Amino acid sequence: MRLLSSVAVLALLTAVVPAAHAQDVKLSISTGGTGGVWYPMGGAMANVLTKHMKSTAATAEVTGGSVDNVRLLGSNKTELAFSMVDTAWEGANALGKFKDKVPMRTIAVVHPLVMHVVSVEGRGIDKMADLKGKRISTGSPGSGTEVMALRILEAYGIHPDKDILRQRLSVAEAANAVKDRKLDAFMHAAGVPLPAVTDLAATPGTKPKLIDHADATEAMKKKYGPIYASTSIPAKSYPGQDKENQTASVWGVLYVHEKMPEQVAYDIVRTLFVRQQDIVLGHKEAANMTLANQQIGASPIAWHPGALRYFKEKGVTPK
């Protein structure tokens, strides 16, 4: 057999390499703050996609949260975005903080986000009314937490700019400020356990208090639609938590741009569900990302065709 000349070999390599690179997929996953749930969960997803989805490099990005994530999706600066459903609905319909409609699609219902209203013993806060006059963080700018927190305060007749000394901190910053006695309480919507609360509970001489606020749910549903639910954080979810905490919750969903190629969306969803247990190692709330939970109608945003194709193969019909 005659050997190829070096010129011929070079020509073959030149022809092949660009084609291989053309198939590479780079995915940015917009998550939230480092003290929350989405950052470790998104990191686990990025590892799974990079390792098990062919020719793919995925990274988890720290962001301000849902509002920032939906905006990044709309400006094509990210490929996957975590968002609370209430914020996503506003983004898709140019409401609230969004001037233009974001062309987004649902690819997975992930987990419920439970609002944490967190104080500590000795700050004089036992119920929501006690927040008046106190130094409170309602979440960082650009977060879904801030959207939901303001609606909860509204339900209790608490004006965020008149009745409390409001700060807008990330969850990690807020927990540290409570430790340093620069803040009396903070609000943050996340899965359970929330790393920032676990860290706060581990601080010597500090006992966190979770403030009940499930009473706000009906007023929120009446004004903003049936996207909120009353739920609870079980006792012992955090060190020193002696009783169940009555809370409000909303679903957290993973979204993509409507123009994402169908095959890419299909491959993402398939990989995430096949390797779900690897993601649970990043944060146990990923255990809620089940096939059954895709059928509960948690997301009001239309599903991406690639996601629907995968779920159809599994006999699941998302609502």
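If you read the sequence from its start, that first residue is 1, and numbering goes on from there. The structure presented is a predicted model; accordingly, all values stated were derived computationally and were not measured. Basis for what follows: all heavy atoms, side chains included, without hydrogens, waters or symmetry-related copies.
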Which heavy atom of Ile164 sits nearest to which heavy atom of Leu131, and what is that distance? CG2-O, 3.4 Å
Report the C-alpha distance between Trp89 and Tyr224 in whole Å, list the side-chain angles of each, state the deciding distance to 0.1 Å, and finish with yes or no for ring pair (Phe, Tyr, Trp, His ring centres under 6.0 Å). CA-CA 10 Å; Trp89 176 253; Tyr224 299 105; over 10 Å; no
side-chain hydrogen bond (donor to acceptor under 3.5 Å, both in side chains) between Asn69 and Ser83, worked out: CA-CA 7 Å; Asn69 295 350; Ser83 179; over 6 Å; no
Output for pair (Ile107 CD1, Leu308 CG), nearest 0.5 Å, gives 11.5 Å
Would Tyr156 and Met187 show up in the same hydrophobic cluster when neighbours are defined by side-chain heavy atoms closer than 4.5 Å? yes
May I ask whether Val37 and Tyr39 are part of the same hydrophobic cluster, defined by side-chain heavy atoms of I, L, V, M, F, W, Y residues being less than 4.5 angstrom apart, directly or through others? no
Assess whether a salt bridge exists between Lys223 and Glu154, defined as any Lys/Arg side-chain N lying under 4.0 Å from an Asp/Glu carboxylate O. yes
So does Asp242 pair up with Lys236, basic N to acidic O under 4.0 Å? yes
Thr78 side chain to Leu80 main-chain N or O, any donor-acceptor pair under 3.5 Å? yes
Between Ser299 and Thr106, is the side-chain hydrogen bond (donor to acceptor under 3.5 Å, both in side chains) condition met? List the steps. CA-CA 7 Å; Ser299 177; Thr106 302; 2.8 Å; yes
Quick test of your reading of the model: are Lys54 and Asp267 salt-bridged, counting only N-O distances below 4.0 Å? no
For Tyr255, does the six-membered ring have the charged nitrogen or CZ of Arg105 within the cation-pi criterion, i.e. under 6.0 angstrom from the centroid and within 45° of the normal? no
Can we say Glu90 and Arg151 salt-bridge, meaning some charged N sits less than 4.0 Å from an Asp/Glu carboxylate O? yes
Nearest-0.5 Å distance that lies between atom OG in Ser30 and atom CG in Leu73: 7.5 Å
If you draw the axis of the six-membered ring of Tyr310, does the NZ or CZ of Arg270 fall within 45° of it and under 6.0 Å from the ring centre? no
With a 4.5 Å cut-off on side-chain heavy-atom distances among I, L, V, M, F, W and Y, is there a chain of contacts connecting Met289 to Leu281? no
Between the side chains of Arg166 and Asp161, is the shortest nitrogen-to-carboxylate-oxygen separation below 4.0 Å, so that they form an ion pair? yes
Looking only at side-chain N and O atoms, does Glu173 offer a donor or acceptor that is under 3.5 Å from a partner on Asn176? no
